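See below for the structure under consideration.
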Amino acid sequence: MTVRVRIAPSPTGLLHVGNVRSALFNWLFARHHNGTFVLRIDDTDVERSEQQYEDDIKSGMTWLGLDWDEGVDVGGPHGSYRQSDRFDRYRDVVDELIGAGHAYYDDRSPELLDELRNKAQKEGKHPNVYIRRPDTEATSGVVRFSVPQDAPIEFFDLVRDEMRFEAGVVDDFVILRSNGTPTYHLASTVDDVDYEISHVIRGEDLLSSTPKHILLTRAMGADPATYAHLPLLFGPDGKKLSKRHGDTSLKAYRAGGYLPEAMFNYLSLLGWSYDSETTIFSVDQAVERFDLEGVSKNPAVFDVDKLQWMNGEYIRAIPPDDFAQRARPLIEVELGHPPTESEWSIFVEMSPLLQERVKLITEVGEMSRFLFVDDVDFDEQSWSKVMIGETPVLALSVAIRHLTELGDWTVAAIEAALRAVLEETDLNPRKGWQPLRVAVTGSQVSPPLFESMAALGRPGTLHRLSVALNRLADEPEG
RNA sequence: GGCCCCGUCGUCCAGCGGCCUAGGACGCUGGCCUUUCAAGCCGGUAACGCGGGUUCGAAUCCCGUCGGGGCUGCCA
(Lines give C-alpha, C1' and ligand atoms only; values in the text may rest on other atoms or scores of the structure.)
Protein backbone atom coordinates (compact mmCIF):
# COMPACT_ATOMS: atom_id res chain seq x y z
CA MET A 1 0.00 0.00 0.00
CA THR A 2 1.37 3.37 -1.03
CA VAL A 3 0.37 5.89 1.55
CA ARG A 4 0.07 9.53 0.60
CA VAL A 5 -1.61 11.77 3.12
CA ARG A 6 -1.88 15.48 3.54
CA ILE A 7 -2.80 18.24 5.87
CA ALA A 8 -4.23 21.35 4.28
CA PRO A 9 -4.68 24.12 6.79
CA SER A 10 -6.03 27.44 5.69
CA PRO A 11 -3.92 30.46 6.58
CA THR A 12 -6.78 32.47 7.98
CA GLY A 13 -5.70 32.37 11.60
CA LEU A 14 -3.09 30.95 13.93
CA LEU A 15 -2.53 27.21 13.69
CA HIS A 16 -5.11 25.62 15.94
CA VAL A 17 -4.39 22.63 18.18
CA GLY A 18 -7.29 20.78 16.56
CA ASN A 19 -5.59 21.05 13.20
CA VAL A 20 -2.31 20.16 14.78
CA ARG A 21 -3.80 16.98 16.15
CA SER A 22 -5.07 16.10 12.66
CA ALA A 23 -1.66 16.90 11.22
CA LEU A 24 -0.05 14.73 13.86
CA PHE A 25 -2.24 11.72 13.09
CA ASN A 26 -1.62 12.14 9.38
CA TRP A 27 2.09 12.39 10.01
CA LEU A 28 2.12 9.31 12.26
CA PHE A 29 0.15 7.37 9.69
CA ALA A 30 2.54 8.38 6.92
CA ARG A 31 5.64 7.58 8.94
CA HIS A 32 4.28 4.28 10.17
CA HIS A 33 3.55 3.15 6.62
CA ASN A 34 6.65 4.69 5.10
CA GLY A 35 4.37 6.95 3.15
CA THR A 36 4.46 10.55 2.05
CA PHE A 37 3.23 13.43 4.14
CA VAL A 38 2.14 16.49 2.19
CA LEU A 39 1.65 20.03 3.47
CA ARG A 40 -0.72 21.99 1.33
CA ILE A 41 -1.84 25.53 1.95
CA ASP A 42 -5.55 25.96 1.51
CA ASP A 43 -5.83 29.64 0.73
CA THR A 44 -8.91 29.64 -1.46
CA ASP A 45 -10.44 32.26 0.79
CA VAL A 46 -8.41 35.06 -0.71
CA GLU A 47 -10.03 37.67 1.52
CA ARG A 48 -8.96 36.17 4.80
CA SER A 49 -5.71 34.44 3.94
CA GLU A 50 -2.51 36.06 5.18
CA GLN A 51 1.17 35.31 4.79
CA GLN A 52 1.82 35.60 8.54
CA TYR A 53 -0.57 32.73 9.16
CA GLU A 54 1.13 30.54 6.59
CA ASP A 55 4.39 31.25 8.39
CA ASP A 56 2.77 30.36 11.68
CA ILE A 57 1.57 27.05 10.24
CA LYS A 58 5.01 26.11 8.98
CA SER A 59 6.91 27.12 12.06
CA GLY A 60 4.40 25.35 14.29
CA MET A 61 4.69 22.13 12.33
CA THR A 62 8.44 22.32 12.36
CA TRP A 63 8.54 23.03 16.07
CA LEU A 64 6.48 19.92 16.75
CA GLY A 65 8.68 17.83 14.49
CA LEU A 66 6.07 17.24 11.80
CA ASP A 67 8.27 17.41 8.74
CA TRP A 68 6.63 17.20 5.34
CA ASP A 69 7.98 15.35 2.32
CA GLU A 70 6.11 17.40 -0.24
CA GLY A 71 4.50 20.76 0.01
CA VAL A 72 5.10 24.43 0.35
CA ASP A 73 8.77 25.39 0.59
CA VAL A 74 10.06 21.86 0.00
CA GLY A 75 8.21 21.45 -3.31
CA GLY A 76 7.46 18.12 -4.94
CA PRO A 77 6.39 16.52 -8.20
CA HIS A 78 3.00 18.22 -8.32
CA GLY A 79 3.95 21.83 -8.86
CA SER A 80 2.64 24.35 -6.42
CA TYR A 81 1.23 23.24 -3.10
CA ARG A 82 -0.51 26.55 -2.56
CA GLN A 83 -4.06 26.52 -3.83
CA SER A 84 -4.06 30.15 -4.87
CA ASP A 85 -1.48 29.16 -7.51
CA ARG A 86 -3.84 26.61 -8.97
CA PHE A 87 -6.93 28.61 -9.76
CA ASP A 88 -6.52 27.91 -13.47
CA ARG A 89 -6.55 24.21 -12.85
CA TYR A 90 -9.74 24.46 -10.79
CA ARG A 91 -11.31 26.55 -13.56
CA ASP A 92 -10.48 23.85 -16.08
CA VAL A 93 -12.09 21.21 -13.92
CA VAL A 94 -15.17 23.37 -13.55
CA ASP A 95 -15.40 23.78 -17.32
CA GLU A 96 -15.07 20.07 -17.82
CA LEU A 97 -17.76 19.39 -15.26
CA ILE A 98 -20.10 21.88 -16.89
CA GLY A 99 -19.35 20.39 -20.27
CA ALA A 100 -20.16 16.91 -19.00
CA GLY A 101 -23.38 18.10 -17.40
CA HIS A 102 -22.09 17.60 -13.86
CA ALA A 103 -22.25 21.27 -13.00
CA TYR A 104 -24.19 24.37 -13.91
CA TYR A 105 -24.27 28.11 -13.47
CA ASP A 106 -26.73 29.47 -10.96
CA ASP A 107 -27.61 33.14 -10.74
CA ARG A 108 -30.46 32.91 -8.28
CA SER A 109 -30.45 35.52 -5.57
CA PRO A 110 -29.47 34.78 -2.00
CA GLU A 111 -32.97 35.75 -0.96
CA LEU A 112 -34.53 33.18 -3.22
CA LEU A 113 -32.15 30.50 -1.96
CA ASP A 114 -33.00 31.36 1.62
CA GLU A 115 -36.63 31.03 0.78
CA LEU A 116 -36.06 27.58 -0.67
CA ARG A 117 -34.14 26.47 2.40
CA ASN A 118 -36.83 27.76 4.72
CA LYS A 119 -39.48 26.02 2.72
CA ALA A 120 -37.62 22.72 2.99
CA GLN A 121 -37.10 23.16 6.68
CA LYS A 122 -40.75 23.95 7.27
CA GLU A 123 -41.70 20.77 5.49
CA GLY A 124 -39.27 18.79 7.61
CA LYS A 125 -37.18 17.89 4.60
CA HIS A 126 -33.49 18.15 4.06
CA PRO A 127 -32.68 21.87 4.15
CA ASN A 128 -31.49 21.88 0.61
CA VAL A 129 -33.83 19.56 -1.24
CA TYR A 130 -35.08 22.43 -3.30
CA ILE A 131 -31.66 23.74 -4.19
CA ARG A 132 -31.35 21.91 -7.46
CA ARG A 133 -30.74 22.79 -11.05
CA PRO A 134 -33.39 25.30 -12.12
CA ASP A 135 -35.30 24.88 -15.35
CA THR A 136 -33.90 28.02 -16.87
CA GLU A 137 -30.25 27.86 -17.78
CA ALA A 138 -28.02 30.62 -16.35
CA THR A 139 -24.72 31.76 -17.81
CA SER A 140 -23.29 33.59 -14.84
CA GLY A 141 -23.25 33.55 -11.06
CA VAL A 142 -21.90 30.68 -9.00
CA VAL A 143 -21.30 27.22 -10.36
CA ARG A 144 -23.01 24.37 -8.57
CA PHE A 145 -22.26 20.71 -8.74
CA SER A 146 -25.25 18.71 -9.90
CA VAL A 147 -25.73 15.98 -7.32
CA PRO A 148 -27.18 12.74 -8.70
CA GLN A 149 -30.43 12.09 -6.84
CA ASP A 150 -30.95 8.45 -7.61
CA ALA A 151 -28.40 6.59 -5.53
CA PRO A 152 -27.25 6.57 -1.94
CA ILE A 153 -23.59 7.31 -1.28
CA GLU A 154 -21.69 4.69 0.62
CA PHE A 155 -18.11 4.54 1.70
CA PHE A 156 -15.93 2.84 4.24
CA ASP A 157 -14.45 5.06 6.90
CA LEU A 158 -11.35 3.67 8.61
CA VAL A 159 -12.51 5.04 11.95
CA ARG A 160 -16.27 4.77 11.63
CA ASP A 161 -16.68 1.74 9.35
CA GLU A 162 -19.58 1.65 6.89
CA MET A 163 -21.06 5.04 6.12
CA ARG A 164 -24.21 5.58 4.12
CA PHE A 165 -25.98 8.73 3.02
CA GLU A 166 -29.38 8.27 1.40
CA ALA A 167 -30.10 9.70 -2.01
CA GLY A 168 -31.47 13.18 -1.86
CA VAL A 169 -29.79 14.48 1.25
CA VAL A 170 -26.93 16.22 -0.49
CA ASP A 171 -27.59 19.63 -1.94
CA ASP A 172 -26.21 21.01 -5.18
CA PHE A 173 -23.27 22.70 -3.55
CA VAL A 174 -21.29 25.63 -4.86
CA ILE A 175 -17.93 24.76 -6.38
CA LEU A 176 -17.05 28.09 -7.93
CA ARG A 177 -17.88 31.43 -6.36
CA SER A 178 -19.26 34.27 -8.42
CA ASN A 179 -15.88 35.97 -8.13
CA GLY A 180 -14.32 33.01 -9.96
CA THR A 181 -12.51 31.46 -6.99
CA PRO A 182 -13.01 27.81 -6.09
CA THR A 183 -14.65 26.73 -2.88
CA TYR A 184 -13.03 24.42 -0.38
CA HIS A 185 -14.97 21.41 -1.65
CA LEU A 186 -13.69 21.85 -5.17
CA ALA A 187 -10.09 22.83 -4.51
CA SER A 188 -9.56 20.24 -1.84
CA THR A 189 -11.03 17.46 -3.93
CA VAL A 190 -9.17 18.40 -7.11
CA ASP A 191 -5.92 18.54 -5.16
CA ASP A 192 -6.53 15.20 -3.50
CA VAL A 193 -7.06 13.69 -6.93
CA ASP A 194 -4.14 15.48 -8.59
CA TYR A 195 -1.72 14.76 -5.79
CA GLU A 196 -2.84 11.15 -5.58
CA ILE A 197 -3.77 11.31 -1.94
CA SER A 198 -4.48 7.78 -0.76
CA HIS A 199 -6.01 8.50 2.64
CA VAL A 200 -7.92 11.55 3.74
CA ILE A 201 -7.57 11.78 7.49
CA ARG A 202 -9.40 14.77 8.94
CA GLY A 203 -11.77 15.95 11.62
CA GLU A 204 -15.25 14.60 12.00
CA ASP A 205 -16.70 18.00 11.20
CA LEU A 206 -16.03 17.14 7.56
CA LEU A 207 -17.80 13.80 7.72
CA SER A 208 -21.03 15.15 6.30
CA SER A 209 -19.12 16.83 3.45
CA THR A 210 -17.53 13.57 2.39
CA PRO A 211 -20.35 12.54 0.04
CA LYS A 212 -19.77 15.77 -1.86
CA HIS A 213 -16.09 15.02 -2.20
CA ILE A 214 -16.72 11.48 -3.32
CA LEU A 215 -19.25 12.61 -5.93
CA LEU A 216 -16.89 15.26 -7.22
CA THR A 217 -14.06 12.78 -7.43
CA ARG A 218 -16.13 10.34 -9.41
CA ALA A 219 -17.31 13.10 -11.72
CA MET A 220 -13.67 13.80 -12.42
CA GLY A 221 -13.30 10.19 -13.41
CA ALA A 222 -11.09 9.30 -10.47
CA ASP A 223 -11.32 6.88 -7.58
CA PRO A 224 -11.98 8.40 -4.17
CA ALA A 225 -9.38 8.14 -1.44
CA THR A 226 -9.94 6.11 1.68
CA TYR A 227 -11.42 8.30 4.37
CA ALA A 228 -10.84 8.39 8.10
CA HIS A 229 -12.68 10.90 10.26
CA LEU A 230 -11.07 11.73 13.55
CA PRO A 231 -13.10 12.56 16.64
CA LEU A 232 -13.24 16.25 17.41
CA LEU A 233 -11.41 18.04 20.18
CA PHE A 234 -13.69 19.63 22.75
CA GLY A 235 -13.28 22.33 25.31
CA PRO A 236 -14.12 21.64 28.95
CA ASP A 237 -17.75 22.49 28.21
CA GLY A 238 -18.11 19.70 25.65
CA LYS A 239 -18.27 21.99 22.64
CA LYS A 240 -15.92 22.03 19.68
CA LEU A 241 -12.66 23.55 20.84
CA SER A 242 -12.54 27.25 20.02
CA LYS A 243 -11.11 30.56 21.14
CA ARG A 244 -13.61 30.97 23.90
CA HIS A 245 -11.97 28.04 25.69
CA GLY A 246 -8.79 30.04 26.12
CA ASP A 247 -5.64 29.30 24.23
CA THR A 248 -6.24 27.18 21.18
CA SER A 249 -3.29 28.16 19.03
CA LEU A 250 -0.20 26.02 19.06
CA LYS A 251 1.80 29.20 19.27
CA ALA A 252 0.29 30.09 22.63
CA TYR A 253 1.41 26.78 24.11
CA ARG A 254 4.82 27.15 22.61
CA ALA A 255 5.17 30.60 24.12
CA GLY A 256 3.64 29.37 27.36
CA GLY A 257 6.57 27.11 28.12
CA TYR A 258 5.45 23.77 26.76
CA LEU A 259 7.98 21.45 25.22
CA PRO A 260 7.28 20.10 21.73
CA GLU A 261 7.92 16.55 22.94
CA ALA A 262 5.24 16.91 25.58
CA MET A 263 2.80 18.49 23.17
CA PHE A 264 3.41 15.70 20.68
CA ASN A 265 2.92 13.01 23.30
CA TYR A 266 -0.19 14.61 24.75
CA LEU A 267 -1.86 15.27 21.40
CA SER A 268 -1.20 11.74 20.22
CA LEU A 269 -3.21 10.51 23.19
CA LEU A 270 -6.31 12.40 22.18
CA GLY A 271 -8.20 9.69 20.36
CA TRP A 272 -5.48 7.11 20.36
CA SER A 273 -3.47 5.09 22.85
CA TYR A 274 -0.12 3.42 22.78
CA ASP A 275 -1.38 0.49 24.82
CA SER A 276 -3.52 0.05 27.90
CA GLU A 277 -0.81 1.12 30.33
CA THR A 278 1.66 3.49 28.75
CA THR A 279 1.19 7.22 28.88
CA ILE A 280 4.66 8.53 28.18
CA PHE A 281 6.32 7.35 24.99
CA SER A 282 8.69 8.62 22.36
CA VAL A 283 7.94 9.76 18.85
CA ASP A 284 9.63 6.64 17.49
CA GLN A 285 7.50 4.42 19.65
CA ALA A 286 4.37 6.21 18.49
CA VAL A 287 5.39 5.84 14.86
CA GLU A 288 6.03 2.17 15.34
CA ARG A 289 2.61 1.49 16.84
CA PHE A 290 0.31 4.03 15.28
CA ASP A 291 -2.61 2.77 13.33
CA LEU A 292 -5.98 4.16 12.41
CA GLU A 293 -7.71 0.99 13.57
CA GLY A 294 -6.95 2.03 17.09
CA VAL A 295 -8.41 5.50 16.79
CA SER A 296 -11.33 6.20 19.06
CA LYS A 297 -14.70 7.40 17.80
CA ASN A 298 -15.52 9.65 20.71
CA PRO A 299 -14.65 13.28 20.98
CA ALA A 300 -11.87 14.19 23.41
CA VAL A 301 -11.71 17.05 25.86
CA PHE A 302 -8.45 18.95 25.69
CA ASP A 303 -7.22 18.77 29.29
CA VAL A 304 -4.62 21.41 30.01
CA ASP A 305 -3.93 19.99 33.48
CA LYS A 306 -2.79 16.71 32.04
CA LEU A 307 -0.75 18.44 29.38
CA GLN A 308 0.96 20.43 32.08
CA TRP A 309 1.70 17.36 34.15
CA MET A 310 3.15 15.70 31.09
CA ASN A 311 5.23 18.75 30.32
CA GLY A 312 6.69 18.51 33.82
CA GLU A 313 7.56 14.89 33.17
CA TYR A 314 9.40 15.83 30.01
CA ILE A 315 11.18 18.71 31.65
CA ARG A 316 12.51 16.46 34.38
CA ALA A 317 13.63 13.92 31.81
CA ILE A 318 15.87 16.40 30.00
CA PRO A 319 19.60 15.96 30.69
CA PRO A 320 20.61 18.76 33.11
CA ASP A 321 22.94 20.47 30.65
CA ASP A 322 20.28 20.54 27.97
CA PHE A 323 17.83 21.93 30.43
CA ALA A 324 20.10 24.84 31.24
CA GLN A 325 20.56 25.53 27.55
CA ARG A 326 16.84 25.42 26.88
CA ALA A 327 16.25 27.78 29.79
CA ARG A 328 18.92 30.19 28.65
CA PRO A 329 16.59 32.41 26.59
CA LEU A 330 14.37 32.82 29.63
CA ILE A 331 17.31 33.90 31.73
CA GLU A 332 18.24 36.37 29.06
CA VAL A 333 14.76 37.85 29.21
CA GLU A 334 14.93 37.92 32.98
CA LEU A 335 18.27 39.73 32.97
CA GLY A 336 17.51 41.96 30.05
CA HIS A 337 20.85 41.00 28.53
CA PRO A 338 22.79 37.83 27.72
CA PRO A 339 24.08 36.36 30.97
CA THR A 340 27.64 37.17 31.97
CA GLU A 341 29.91 34.30 32.78
CA SER A 342 29.32 34.61 36.49
CA GLU A 343 25.58 35.00 36.10
CA TRP A 344 25.51 31.94 33.92
CA SER A 345 27.52 29.85 36.33
CA ILE A 346 25.20 30.85 39.16
CA PHE A 347 22.28 29.75 37.09
CA VAL A 348 23.88 26.51 36.00
CA GLU A 349 24.55 25.68 39.62
CA MET A 350 20.89 26.15 40.53
CA SER A 351 19.50 24.78 37.31
CA PRO A 352 18.93 21.16 38.37
CA LEU A 353 16.97 22.34 41.38
CA LEU A 354 14.79 24.50 39.20
CA GLN A 355 14.35 21.73 36.69
CA GLU A 356 12.75 19.59 39.35
CA ARG A 357 10.29 22.29 40.24
CA VAL A 358 8.91 23.73 37.04
CA LYS A 359 6.07 22.43 34.95
CA LEU A 360 6.55 25.06 32.28
CA ILE A 361 9.94 26.09 31.03
CA THR A 362 8.82 29.71 31.29
CA GLU A 363 8.64 29.40 35.07
CA VAL A 364 12.39 29.27 35.21
CA GLY A 365 12.65 33.02 34.80
CA GLU A 366 10.51 33.91 37.74
CA MET A 367 11.91 31.16 39.90
CA SER A 368 15.49 32.24 39.40
CA ARG A 369 14.89 35.98 39.59
CA PHE A 370 16.20 36.26 43.14
CA LEU A 371 19.58 35.06 41.97
CA PHE A 372 20.19 38.08 39.79
CA VAL A 373 18.98 41.12 41.66
CA ASP A 374 20.73 43.24 44.25
CA ASP A 375 17.72 43.50 46.48
CA VAL A 376 14.89 41.03 46.35
CA ASP A 377 11.32 42.15 46.13
CA PHE A 378 9.68 40.52 49.09
CA ASP A 379 6.50 38.70 48.37
CA GLU A 380 4.37 40.55 50.88
CA GLN A 381 2.17 37.60 51.58
CA SER A 382 5.19 35.51 52.45
CA TRP A 383 6.66 38.30 54.53
CA SER A 384 3.56 38.86 56.60
CA LYS A 385 3.11 35.16 57.13
CA VAL A 386 6.65 34.37 58.17
CA MET A 387 8.11 37.52 59.67
CA ILE A 388 5.94 37.65 62.74
CA GLY A 389 6.79 37.58 66.43
CA GLU A 390 10.21 37.82 68.00
CA THR A 391 11.84 34.78 66.48
CA PRO A 392 12.63 36.08 62.99
CA VAL A 393 14.91 38.76 64.41
CA LEU A 394 16.65 36.14 66.52
CA ALA A 395 16.97 33.69 63.64
CA LEU A 396 18.31 36.33 61.27
CA SER A 397 20.88 37.78 63.65
CA VAL A 398 22.20 34.47 64.83
CA ALA A 399 22.36 33.24 61.26
CA ILE A 400 24.28 36.33 60.20
CA ARG A 401 26.83 35.67 62.93
CA HIS A 402 27.31 32.02 62.09
CA LEU A 403 27.49 32.65 58.35
CA THR A 404 29.94 35.49 58.80
CA GLU A 405 32.25 33.27 60.80
CA LEU A 406 31.92 30.41 58.36
CA GLY A 407 35.10 29.19 56.69
CA ASP A 408 34.14 27.47 53.45
CA TRP A 409 31.13 28.81 51.60
CA THR A 410 29.79 25.47 50.46
CA VAL A 411 26.39 23.85 50.64
CA ALA A 412 27.58 21.46 53.33
CA ALA A 413 29.19 24.17 55.39
CA ILE A 414 26.14 26.40 55.12
CA GLU A 415 23.93 23.57 56.19
CA ALA A 416 26.14 22.93 59.23
CA ALA A 417 26.10 26.58 60.15
CA LEU A 418 22.34 26.82 59.85
CA ARG A 419 21.88 23.70 61.93
CA ALA A 420 24.02 25.33 64.54
CA VAL A 421 21.63 28.27 64.41
CA LEU A 422 18.79 25.97 65.31
CA GLU A 423 20.80 24.51 68.16
CA GLU A 424 21.66 27.85 69.59
CA THR A 425 18.21 29.40 69.24
CA ASP A 426 16.29 26.25 70.02
CA LEU A 427 14.01 26.94 67.06
CA ASN A 428 12.60 24.28 64.79
CA PRO A 429 13.41 24.35 61.09
CA ARG A 430 10.19 26.09 60.22
CA LYS A 431 10.65 28.87 62.74
CA GLY A 432 14.37 29.17 62.28
CA TRP A 433 14.79 28.83 58.55
CA GLN A 434 11.69 30.19 56.87
CA PRO A 435 12.63 33.77 57.80
CA LEU A 436 16.01 33.18 56.19
CA ARG A 437 14.32 31.85 53.11
CA VAL A 438 12.07 34.87 52.81
CA ALA A 439 15.02 37.15 53.41
CA VAL A 440 17.19 35.50 50.79
CA THR A 441 14.72 34.54 48.07
CA GLY A 442 11.88 36.93 48.82
CA SER A 443 9.35 34.14 49.16
CA GLN A 444 8.40 31.32 51.47
CA VAL A 445 8.35 29.10 48.41
CA SER A 446 11.73 28.76 46.78
CA PRO A 447 14.46 26.39 45.73
CA PRO A 448 16.32 24.76 48.63
CA LEU A 449 17.82 27.27 51.06
CA PHE A 450 21.40 26.05 51.46
CA GLU A 451 21.91 25.73 47.74
CA SER A 452 20.34 29.11 47.11
CA MET A 453 22.71 30.73 49.58
CA ALA A 454 25.65 28.89 48.12
CA ALA A 455 24.80 30.03 44.60
CA LEU A 456 24.24 33.57 45.78
CA GLY A 457 27.58 33.81 47.52
CA ARG A 458 28.40 35.05 50.98
CA PRO A 459 28.23 38.82 50.40
CA GLY A 460 24.90 38.62 48.65
CA THR A 461 23.45 36.34 51.27
CA LEU A 462 24.62 38.42 54.20
CA HIS A 463 23.43 41.58 52.53
CA ARG A 464 19.94 40.18 52.18
CA LEU A 465 19.81 38.89 55.69
CA SER A 466 20.68 42.33 57.05
CA VAL A 467 18.25 44.07 54.74
CA ALA A 468 15.52 41.87 56.15
CA LEU A 469 16.75 42.44 59.69
CA ASN A 470 16.68 46.19 59.15
CA ARG A 471 13.20 46.07 57.78
CA LEU A 472 12.08 44.15 60.84
CA ALA A 473 13.72 46.71 63.07
CA ASP A 474 11.89 49.49 61.24
CA GLU A 475 8.54 47.86 61.63
CA PRO A 476 6.65 49.09 64.70
CA GLU A 477 5.11 45.71 65.24
CA GLY A 478 6.94 42.47 64.55
C1' G B 1 -36.42 20.93 11.91
C1' G B 2 -33.34 17.50 8.59
C1' C B 3 -28.90 14.46 7.88
C1' C B 4 -24.71 12.27 10.29
C1' C B 5 -21.54 10.86 14.45
C1' C B 6 -20.83 9.57 19.54
C1' G B 7 -22.19 7.62 24.74
C1' U B 8 -16.82 3.20 30.28
C1' C B 9 -14.36 7.13 36.55
C1' G B 10 -14.78 14.83 36.64
C1' U B 11 -11.08 14.25 32.15
C1' C B 12 -8.03 11.12 28.44
C1' C B 13 -7.52 6.11 27.23
C1' A B 14 -7.82 0.13 27.92
C1' G B 15 -11.80 -3.31 27.30
C1' C B 16 -13.64 -5.76 20.89
C1' G B 17 -19.03 -12.38 24.77
C1' G B 18 -16.60 -15.49 29.89
C1' C B 19 -9.56 -13.32 32.08
C1' C B 20 -14.09 -7.29 34.76
C1' U B 21 -15.67 -8.05 42.31
C1' A B 22 -13.94 -3.08 35.00
C1' G B 23 -7.40 -1.71 34.16
C1' G B 24 -3.77 2.65 33.36
C1' A B 25 -3.01 8.09 33.38
C1' C B 26 -4.40 13.28 34.85
C1' G B 27 -7.20 15.53 38.69
C1' C B 28 -8.83 15.31 43.67
C1' U B 29 -7.46 13.14 48.33
C1' G B 30 -4.88 10.43 52.98
C1' G B 31 0.12 9.16 54.43
C1' C B 32 5.53 8.70 54.08
C1' C B 33 10.01 11.39 52.92
C1' U B 34 11.53 16.39 54.07
C1' U B 35 14.77 23.04 55.34
C1' U B 36 9.75 25.55 52.26
C1' C B 37 7.88 24.23 47.46
C1' A B 38 8.29 20.58 44.12
C1' A B 39 9.78 15.69 42.92
C1' G B 40 9.51 10.64 44.57
C1' C B 41 7.06 6.47 47.12
C1' C B 42 2.59 4.04 49.30
C1' G B 43 -2.84 4.19 49.75
C1' G B 44 -7.85 6.13 48.68
C1' U B 45 -11.89 8.40 45.63
C1' A B 46 -14.64 7.67 41.27
C1' A B 47 -17.54 5.05 35.54
C1' C B 48 -20.07 0.77 31.90
C1' G B 49 -26.74 6.93 30.65
C1' C B 50 -31.55 4.25 30.80
C1' G B 51 -35.04 0.28 29.12
C1' G B 52 -35.80 -3.95 26.45
C1' G B 53 -33.96 -8.09 23.93
C1' U B 54 -30.06 -12.12 21.92
C1' U B 55 -27.06 -15.63 24.91
C1' C B 56 -25.61 -20.62 29.63
C1' G B 57 -23.10 -15.78 30.11
C1' A B 58 -22.96 -8.62 27.91
C1' A B 59 -19.33 -2.91 29.38
C1' U B 60 -18.73 -5.84 24.98
C1' C B 61 -24.06 -7.98 19.92
C1' C B 62 -29.30 -5.99 18.43
C1' C B 63 -33.48 -2.52 19.11
C1' G B 64 -35.53 1.53 21.45
C1' U B 65 -34.98 5.71 24.43
C1' C B 66 -32.50 9.67 26.58
C1' G B 67 -28.22 12.70 26.38
C1' G B 68 -24.05 15.16 23.92
C1' G B 69 -21.81 16.77 19.42
C1' G B 70 -21.08 17.97 14.12
C1' C B 71 -23.07 19.63 9.55
C1' U B 72 -27.06 22.09 7.31
C1' G B 73 -22.73 29.19 3.72
C1' C B 74 -20.50 32.11 -2.60
C1' C B 75 -15.86 29.54 5.77
C1' A B 76 -12.72 25.68 5.85
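Quick caveat: nothing in here was measured; it's all calculated off a predicted structure. Each chain gets a letter, A, B and so on, in the order its sequence line appears, and its residues count up from 1.
- L206(A) comes within 4.0 angstrom of a nucleotide base, judged by non-hydrogen atoms across all strands.
- Two rings, from Y104(A) and F145(A), have their centers 6.0 Å or more apart.
- The phosphate of rU35(B) (OP1 or OP2) has a side-chain N or O of R419(A) nearer than 4.0 angstrom.
- Backbone-only engagement by R160(A) is indicated by non-hydrogen atom pairs under 4.0 Å involving sugar-phosphate atoms exclusively.
- The base of rU35(B) is not paired with the side chain of R430(A) by any donor and acceptor separated by under 3.5 Å.
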Quick one: which protein N/O atoms are closer than 3.5 Å to N/O atoms of nucleotides 8-11 of chain B? Pair and distance per line, please.
from: rU8(B); atom 1: OP2; to: N298(A); atom 2: ND2; distance (Å): 3.3

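- Among the protein residues, G271(A) comes within range of the sugar-phosphate backbone only, with heavy atoms under 4.0 Å from sugar or phosphate atoms but none that close to a base.
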Distances under 3.5 Å only, N/O to N/O: pair up the protein atoms with those of nucleotides 31-33 of chain B.
none

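- The gap from the C1' atom of rC48(B) to that of rA58(B) amounts to 11 Å, rounded to the nearest Å.
- Among the nucleotides rC74(B), rA38(B), rU35(B), the one closest to the side chain of V174(A) is rC74(B).
- In this model, the phosphate group of rG73(B) is approached by a side-chain N or O of R117(A) to a distance below 4.0 Å at OP1 or OP2.
- Nucleic acid contact for L449(A): base, since at least one base atom lies under 4.0 Å from a heavy atom of the residue.
- With sequence neighbours left out, the side-chain contact (heavy atoms from CB on, under 4.5 Å) criterion links D247(A) to A252(A), Y253(A).
- Residue P447(A) is in base contact, counting any heavy-atom pair closer than 4.0 Å across all strands shown.
- At a threshold of 4.0 angstrom between heavy atoms, the contacts of M310(A) with the nucleic acid are absent.
- Judged by atom type and distance alone, R357(A) reaches the base of rC37(B) through a side-chain donor-acceptor pair under 3.5 Å.
- Here E277(A) lies in heavy-atom contact (under 4.0 Å) with sugar-phosphate atoms only.
- Taking the salt bridge (Lys or Arg N to Asp or Glu O under 4.0 Å) definition, one finds that R48(A) meets it with D45(A), sequence neighbours left out.
- Within 3.5 Å, no donor on the side chain of S209(A) pairs with an acceptor on the base of rC71(B), nor the reverse.
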Give me the distances for all protein-to-nucleotides 40-50 of chain B N/O pairs that come in under 3.5 Å?
from: rG40(B); atom 1: OP1; to: E313(A); atom 2: OE2; distance (Å): 3.3

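- Taking the C1' atoms as reference points, rU65(B) lies 13 Å from rG7(B), given to the whole Å.
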Pairs under 3.5 Å (N/O, protein and nucleotides 65-69 of chain B):
from: rG69(B); atom 1: OP1; to: K239(A); atom 2: NZ; distance (Å): 2.4

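- Using a 4.0 Å heavy-atom criterion, one finds that S276(A) contacts the bases of the nucleic acid, with or without backbone contacts as well.
- Base engagement by S446(A) is indicated by at least one non-hydrogen atom pair under 4.0 Å involving a base atom.
- Taking 4.0 angstrom as the limit, T183(A) places none of its side-chain polar atoms (N or O) nearer than this to OP1 or OP2 of rA76(B).
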